[in-house]
Amino acid sequence: MAIFIAFVTLLILTLSRTKQWENLKKKSGEDWLLDGVGLCFQGILIPALQLLLIYQVYQHFFPESRGILNLHPLLAFCLSFIGVDYLYYWNHRLLHSRWLWGLHLVHHTMTERQVLGTSRNTLWTSFLIIYLWIHALFIYWLSDATAYTIGVSLTAILDLWRHSEIEPLPGTMLHRLLSPWLILPMDHAWHHARESGGVNYGANLKLWDRLHGTNYDSNTAPNALGIYTNLTLAQKLIWPF
């Protein structure tokens, strides 16, 4: 519910901006369909698969390991928000490798910073993102997964936020508070920038990019976002090669 509220709030804030409203009116039917299918797939089908299928698979094959982790709530939250975030950093870099780029490039066809494009991707790319598998596993292992799922929800909310242009202004107290450690929408915009690549792979924290030399900080927006392809809608959804 918190994720849905965050999505609606970001969408309303986006629509309140004249430029974004004009961009939405110019958006092609193909992009509307691509983004809509992606949001439904990521927001409904993937969580359902985690709960109804993958969790049950773990229960079937590893019945004795259910609830074996008894972590303090703070540790369980950090496992989700920090530990899995580091695994995602490498997962994301792998998707940018020459072996898997074809499966991820559709996400980088976004040319505007909009919350609607957060889940734009080839449908089965979701099966190559660790969130699908590892969240269900840790929820299965934890004796109390409440704090862990709070971390999962916060990560999902931040994912929606960083694909928007709703952000604290440079120089404000909020910006000074968040920018040293959190991936902000501007940081992620540079990940999508047409003139730069290979930067800001992190989801939640800047720590991993700084640790591995892929961090790029800037208070100005890139000149242009996204890449252009000649792929058909069917290719973008199913086979982007």
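Sequence positions, counted from 1, serve as the residue numbers for this chain.
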Counting N and O atoms only, with roles assigned by atom type, does the side chain of [X] sit under 3.5 Å from a partner on the main chain of [Y], one being a donor and the other an acceptor?
X: Asp209; Y: Lys206; value: no
X: Asn200; Y: Asp187; value: yes
X: Ser80; Y: Tyr148; value: yes
X: Trp190; Y: Thr220; value: yes
X: Thr122; Y: Ile238; value: no
X: Trp133; Y: Leu128; value: no
X: His192; Y: His188; value: no
X: Thr111; Y: Gly226; value: no
X: Asp85; Y: Leu205; value: yes
X: Glu195; Y: Asn223; value: yes

Look at the rings of [X] and [Y] and say which category their plane angle falls in: under 30° parallel, 30 to 60° tilted, over 60° perpendicular.
X: Tyr86; Y: Tyr89; value: parallel
X: Trp124; Y: Trp239; value: parallel
X: Tyr58; Y: Tyr140; value: tilted

Legend entry - Donor + acceptor pair across side chains of Thr14, Gln114 (<3.5 Å):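 The criterion, which ignores hydrogens and geometry beyond distance, is not satisfied for Gln114 and Thr14.
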
Legend entry - Ring centres under 6.0 angstrom apart (His108, Trp101): yes

Considering only heavy atoms from C-beta outward, does the side chain of [X] approach that of [Y] to under 4.5 Å?
X: Thr118; Y: Val115; result: yes
X: Ile183; Y: Leu158; result: no
X: Asp159; Y: Arg162; result: yes
X: Val199; Y: Asn215; result: no
X: Phe62; Y: Leu137; result: no
X: Leu231; Y: Leu105; result: yes

Considering all heavy atoms, the nearest [X]-[Y] contact:
X: Ile68; Y: Ser65; value: CG2-O, 3.0 Å
X: Ile130; Y: Leu87; value: CD1-CB, 3.3 Å
X: Pro47; Y: Gln42; value: CD-O, 3.2 Å
X: Ser179; Y: Arg210; value: O-NH2, 4.2 Å

Legend entry - Salt-bridge contact Lys26-Glu112 (side-chain N to carboxylate O under 4.0 Å): no

Legend entry - Test side chain to side chain contact (heavy atoms under 4.5 Å, CB included) applied to Thr229 and Lys236, step by step: CA-CA 9 Å; Thr229 73; Lys236 290 177 180 177; 3.8 Å; yes

Legend entry - Full working for side chain to side chain contact (heavy atoms under 4.5 Å, CB included) between Thr155 and Tyr131: CA-CA 10 Å; Thr155 296; Tyr131 293 149; 3.7 Å; yes

Legend entry - Residue from His191, His107, His212 passing ring pair (Phe, Tyr, Trp, His ring centres under 6.0 Å) with His92: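 Going through the options one by one, the only one that passes is His191.
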
Inset, instruction - State which residues pass salt bridge (Lys or Arg N to Asp or Glu O under 4.0 Å) with Arg120; sequence neighbours excluded, sorted by chain then number. - result: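 With neighbours one apart ignored, the set is Asp31, Asp35.
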
Inset, instruction - Could you check His175 against Met186 for side chain to side chain contact (heavy atoms under 4.5 Å, CB included), going step by step and ending with a plain yes or no? - result: CA-CA 11 Å; His175 186 271; Met186 185 65 74; over 6 Å; no

